[in-house]
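In what follows, a structure is listed as structure tokens, so that the remarks can point back to it.
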Amino acid sequence: MLLTQSADTIIVLDFETTGLSPNQGDRAIEIGAVKLENGEVTERFQQLMNPGFRVSGFIENYTGISNNMLRGAPSCEEVMAQFADFIQGYNLVAHNASFDQRFLDAELEGISRSYDGEFVCSMLLARRLYQNAPNHKLGGLVEYKNISHDGVFHRALADSEMTAKLWLQMLDDLKVEHQVTQPDFKLMKKITKTAKAALPQMLKRSAKC
DNA sequence: TGCCAGGCCCTCTTTAGGGCCTT
């Protein structure tokens with residue numbers, strides 16, 4: 001069910017984790033998110049969390065999040081309970097959302113919490129809308145679209161802010177380049193489900209609405 | 001020390017394989 005009471009408001013989120021798979025025992029170590037309301041960031045959420053074990057040197061280097069930083073952080077359970085409250089009632093966006101959704105589901109299951117929004121993946125959207133981009137990594141798309149950034153990558157809040165800017169850019173490009181008057185979350189989700197070859201026709205129909 | 005997952009999507013496809021993307 002697509003939420004309708006907050007159709008123009010979404011939460012853009014990003015996890016930093018100890019690895020790639022919660023099924024292999026990996027945990028979240030940081031959550032960052034912004035609330036996008038009518039094209040503006042109106043709230044931010046950022047919190048480190050202690051996974052209960054030491055993270056690898058690779059993750060320390062990749063994220064800049066050290067074991068020292070995590071030692072005094074609150075537990076995943078404590079942080080995720082707060083985050084569950086933050087996202088309640090809103091649809092969700094993430095870059096390569098299947099990754100973040102797996103960790104969100106796993107961490108919330110651990111505290112018997114859930115969420116009622118739906119996910120849309122900004123990477124799947126970008127693959128369709130920016131087929132000529134050299135790649136569809138978040139950083140690559142930010143460069144490709146000349147989106148301003150502060151040079152911080154692989155930290156949860158910074159990446160969620162960049163994903164939010166990319167989302168707004170895609171909304172703008174749908175208006176300007178495809179004449180879609182009011183692109184919304186529902187249309188964005190529909191685009192990710194549409195084959196590339198069928199996209200021009202689908203956008204033409206949306207432009208007429 | 002080296003490796004691990006999973007979903008999407010393309011193609012030299014569909015009785016499959018491999019690259020991309022996330023940490």
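As the structure is a computational prediction, the values presented were derived from the model and not from experiment. Chain identifiers are assigned alphabetically (A, B, ...) following the order of the sequence lines, protein sequences preceding nucleic acid strands; residue numbering begins at 1 within each chain.
Every residue two or more places apart in sequence or in another chain that forms a ring pair (Phe, Tyr, Trp, His ring centres under 6.0 Å) with A:Y62 is listed here: A:F58, A:H154. Residues passing the side-chain contact (heavy atoms from CB on, under 4.5 Å) test with A:R44, sequence neighbours excluded: A:V34, A:V41, A:L157, A:E161.
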Measure all distances between protein nitrogen or oxygen atoms and nitrogen or oxygen atoms of nucleotides 2-8 of chain B, and list the pairs falling under 3.5 Å.
from, atom 1, to, atom 2, distance (Å)
B:dG6, OP1, A:N23, ND2, 3.0

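For B:dC21, the OP1/OP2 oxygens have a side-chain nitrogen or oxygen of A:H136 closer than 4.0 Å.
Two residues are said to be in side-chain contact when any heavy atoms from C-beta on lie closer than 4.5 Å; A:F83 and A:M80 meet this criterion. Side-chain atoms of A:N135 and A:Y144, non-hydrogen and from C-beta on, never get closer than 4.5 Å to each other. A:L36 places none of its side-chain heavy atoms less than 4.5 Å from the side chain of A:T9. Between A:Y90 and A:D116 there is no side-chain heavy-atom pair separated by less than 4.5 Å.
Around NZ of A:K137, the count of heavy atoms belonging to other residues, nucleotides or ligands within 6.0 Å does not exceed 12.
In terms of position on DNA chain B, the residue among A:K196 and A:T63 whose nearest nucleotide sits closer to the 5' end is A:K196.
When heavy atoms are screened at a 4.0 angstrom cut-off, A:L138 is found touching the sugar-phosphate backbone but no base atom. Residue contacts for A:N135: at a heavy-atom cut-off of 4.0 Å it reaches the sugar-phosphate backbone alone, with no base atom in range.
On the C1' atoms, B:dA5 is 11 Å away from B:dT23, given to the nearest whole Å.
The six-membered or imidazole ring of A:F99 lies away from that of A:H95, with a centre-to-centre distance of 6.0 Å or more.
Contact check on A:R27 versus A:E107 returns a salt bridge, with a Lys/Arg side-chain nitrogen under 4.0 Å from an Asp/Glu carboxylate oxygen. The existence of a salt bridge linking A:K145 and A:D173 is confirmed by a sub-4.0 Å separation between a basic side-chain nitrogen and an acidic carboxylate oxygen.
Against DNA chain B, the stretch residues 71-81 of chain A makes no heavy-atom approach under 4.0 Å. At a non-hydrogen distance threshold of 4.0 Å, A:H154, A:D159 from residues 139-170 of chain A come into contact with DNA chain B. For DNA chain B, the residues of residues 48-60 of chain A within the heavy-atom distance limit of 4.0 Å (strictly under) are A:F58, A:I59, sorted by number.
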